[in-house]
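Letters A, B, ... are given to chains in the order of the sequence lines, protein chains preceding strands, and every chain is numbered from 1.
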Amino acid sequence: MSNTALLQIKDVHVEVEGKEVVKGVTLDIGKGEVHALMGKNGSGKSSLSNAIMGHPSYAITSGDVLLDGKSILEMAPDERSIAGLFLAFQYPQAVPGVTVANFLRSALLARRGDEKLMRTFRKELYAAMDALEVDHEFAGRYLNDGFSGGEKKRIEILQLSLLQPKLALLDETDSGLDIDALKTVSEGINRYSSDENGILLVTHYQRILDYVKPTKVHVMIAGKIVKSGGPEIALELEKSGYETFQSTPVTVGA
Amino acid sequence: MSEKPQGATVAPERQPVADPMIKGDDYAEKYGFHSPDAAKNYFLKGAKGLSHEVVENISRIKEEPQWMNDFRHKSLDIFLSKPMPNWGDTKLMGELDFQDIYYYIKPVEQSAQDDWNDVPDYIKNTFDKLGIPEAEQKFLGGVSAQFESEVVYHSMKKDLSDKGVIFLDMDEALKQYPDLVKQYFSTVIPPADNKFAALNSAVWSGGSFIYVPKGVDVGASPLQAYFRINAENMGQFERTLIIADEGARVHYIEGCTAPIWSSDSLHSAVVEVVGLKDSYIRYTTIQNWANNIYNLVTKRAIAKRNATVEWVDGNLGSKLTMKFPCVYLTEEHAKAEILSIAFAGTGQHQDAGAKVIHTAKNTSSRITSKSISKDKGIASYRGMVKVYKGAENSKVSVECDALLIGSEARSDTYPTMEIHEDNVKIEHEARVSKVSEEQLFYLTSRGISEDEARLLIVNGFIEPFTKELPMEYAVELNRLIELEMTGSVG
């Protein structure tokens, strides 16, 4: 197995409050790949990304998730993060009283484990902010507290660029963005994207795929992937909607 | 509860006990230590219990004027005649045994030395360990250190004394400035105010006296007093009086700690603050009591025309704290700001709040109270705002926030508003929240451990308080919260 994918999702079932919302998803994401997971609200795509990150309300009842060939199911969310997983939240949480800078400092320190390695923190932070057109003033603001939808999404991508995970799950990062913000955020994602990492881009709409080019597209309906293929699938969706895929037999991706 | 405090039957040489489930090992190490040499070195240690004889002895040792001696005896009569409060945590109050307490311990013959080298080593080491001399050198304008019943060290920077600022321990002030003390002493809080004010008035010892002359600004060099209880079953009854004359500005900071003994001690202070016309007074308290301390304190200020009084009050530790800093706004444009936090862990009840009385036009007050209850801790907010008829155009804002950690934590709110004037602006907000699973998940998904994430959320919650503290204290407070947060979550 020299060709192990970065992230392997193996027949994963997810339950929320006793209800099965993901009903057997299998998906491999290799290095340098960008996978778009498309589906309507309630299709289970956000549940899948939350479960992979380890949200306590999203239980993986069967199947396995491997990062770099190792199962992460027994790991706590902070351990999954240190191992190289990242989730850009659809609804980032506000934490009043904790500044963006203080929060990012804690997150980076958890990885580097040494105060000495934090000497360049301010410089790194400001450079990342500049790239995403985030005002430096945000460093001193309380995390997501009173931020607009667009500001929250920029801060998510700011975290992505600073934490440099191996695999990024981007959960509806495009929702609630106007066209300028969408461009800036997409550029941020593209800057992060490299031959060494992978992205699972969870989205409702094709719009973001004009800016972030996927290598593969999967369509999810009612907890299952019903179709997988190249970027052309997204265009097909745009044209004829999710209904076209409703009756299509399940084809497993990769 | 009929259970008698254990301490009455055990030898006083015992080591303090640390209960890591409640306070964490670190408290024991950093604050909970006691000085084992103290017991054999005390200059004078009376017997346990309270009587007119005890009161007489305290007054005689201090060589007080007759009026103060009379005042003490009269106060004891008031104390004895008043029933215990029938509100608040009557169960915990009922466990307090007034005859099982030492009312006066004089640790050294010569009080209030102005050179640390003249303070006996066993006491000096205590304050060294608490970082007092270090803070003194760094940024304080003056320092007072009380050990048991007496202030053992006292000093003030020369530039402040040159400006006419008086900063003495209360006993010394009574000797040096008898008229000034008599003019204000007990005018803000009379002995009959409440049972514990009466008790303090009868047996008070130590505390600070501050007078800042007209127009003198010492706001940038805080004056600090540190109150340390060392003995078991100790009663500490310091008495503080601060007077800011017209246009004067002053910042006073007090800190308190005690070792962890298995039996209870009592801390019952009276603090009177007088802000004359155009003055500004900030009174900051960071108390970090061990969990066997009853902390029953009366704090009250009077703000005259265009004066501002701010209470910044941080309550950590203790078994039961009952403390409601108060401001009387008696002349136009007087302002009150009361900002408090309380942290209650298992075995603790923080009954804290604020009181503001508006008796004049165009006065304004703002109360911000934040409490954290963890595990089986109980935090109560008890607030009273009263606006008299004729106090037109007054503004009142009350905001209380409670944060619960664990499913058994409890928070109660008892806000009282008595508004007898129509032309006033009143705002009141109360919120109870929990450390949410969603917040924890968000922070931990970034690699931050769950404990640290919880600590970040709690420190964020009290940030509006922390940012009002001098930097050194803010850092220390965050560290104290960290100590409180270690250990089990229910």
Side-chain angles (χ1 to χ4, degrees), chain A residues 49-58 72 75-113 140-145 152 155-156 158-160 162-166 168-169 171, chain B residues 314 339-341 343 368-372 399-407 429-469 471 474-475 477-479 481-482 485 489:
Chain A
S49 35
N50 273 295
I52 293 173
M53 196 68 232
H55 192 298
S57 303
Y58 297 79
I72 59 166
M75 296 163 94
D78 56 316
E79 294 167 327
R80 295 184 197 197
S81 169
I82 306 283
L85 206 55
F86 179 87
L87 170 64
F89 283 59
Q90 187 179 359
Y91 304 110
Q93 288 288 309
V95 189
V98 177
T99 62
V100 168
N102 190 13
F103 160 67
L104 290 171
R105 211 176 178 285
S106 299
L108 280 172
L109 190 59
R111 264 146 252 274
R112 297 176 187 174
R141 284 183 60 181
Y142 297 152
L143 183 57
N144 295 321
D145 194 19
K152 286 182 188 172
I155 297 298
E156 291 297 288
L158 176 71
Q159 296 171 48
L160 174 73
L162 281 170
L163 299 181
Q164 288 293 320
K166 287 178 189 161
L169 309 159
D171 189 5
Chain B
L339 178 59
S340 67
I341 58 150
F343 192 114
T368 310
S369 163
K370 290 182 164 270
S371 73
I372 299 153
E399 190 186 330
C400 27
D401 270 345
L403 183 69
L404 305 177
I405 305 170
S407 56
E429 267 183 77
R431 279 183 297 270
V432 179
S433 53
K434 291 193 162 203
V435 171
S436 81
E437 196 173 69
E438 297 296 332
Q439 278 179 328
L440 280 179
F441 177 58
Y442 186 65
L443 296 177
T444 55
S445 79
R446 300 314 187 227
I448 298 166
S449 73
E450 194 175 325
D451 282 348
E452 207 199 324
R454 207 175 267 118
L455 185 62
L456 271 178
I457 293 167
V458 170
N459 277 336
F461 176 75
I462 61 162
E463 216 269 345
F465 179 89
T466 320
K467 74 171 186 222
E468 291 300 321
L469 301 176
M471 224 266 282
V475 170
L477 183 69
N478 283 345
R479 236 185 55 78
I481 294 286
E482 193 176 342
M485 292 293 292
V489 174

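In the model, B/Glu463 has a side-chain atom that pairs as donor or acceptor with a side-chain atom of A/Tyr142 under 3.5 Å.
Between A/Ser57 and B/Glu437, the shortest heavy-atom contact is OG-OE1, 3.1 Å. The nearest pair of heavy atoms linking A/Ala110 to B/Gly447 is CB-O, 3.2 Å. The two residues B/Arg446 and A/Leu87 come nearest to each other via the heavy atoms NH1-O, 2.6 Å.
Rounded to the nearest 0.5 Å, atoms CZ (B/Phe441) and CG (A/Asn50) are 5.0 Å apart. Annotation: the span from A/His55 atom NE2 to B/Thr444 atom OG1 amounts to 9.0 Å, rounded to 0.5 Å. A distance of 7.5 Å separates CD of A/Gln159 from OG of B/Ser445, quoted to the nearest 0.5 Å. Distance check: A/Glu156 CD to B/Tyr442 OH gives 3.5 Å after rounding to the nearest 0.5 Å.
Partner of B/Leu443 under the side-chain contact (heavy atoms from CB on, under 4.5 Å) criterion, out of A/Val95, A/Asp78, A/Val98: A/Val95 alone.
Most heavy-atom pairs under 4.5 Å with chain B: of the set A/Pro165, A/Pro56, A/Ala94, this distinction falls to A/Pro56.
Interface residue B/Ser436: only side-chain heavy atoms are found under 4.5 Å from chain A. When heavy atoms are compared at a cutoff of 4.5 Å, B/Glu438 approaches chain A by way of both its backbone and its side chain. Using a 4.5 Å cut-off between heavy atoms, A/Pro92 touches chain B through backbone and side chain atoms alike. Of the two parts of A/Arg80, neither the backbone nor the side chain holds a non-hydrogen atom closer than 4.5 Å to a non-hydrogen atom of chain B. Contacts of A/Ala83 with chain B are absent, with no heavy-atom separation under 4.5 Å from either backbone or side chain. Within the 4.5 angstrom heavy-atom criterion, no atom of A/Leu104 approaches chain B.
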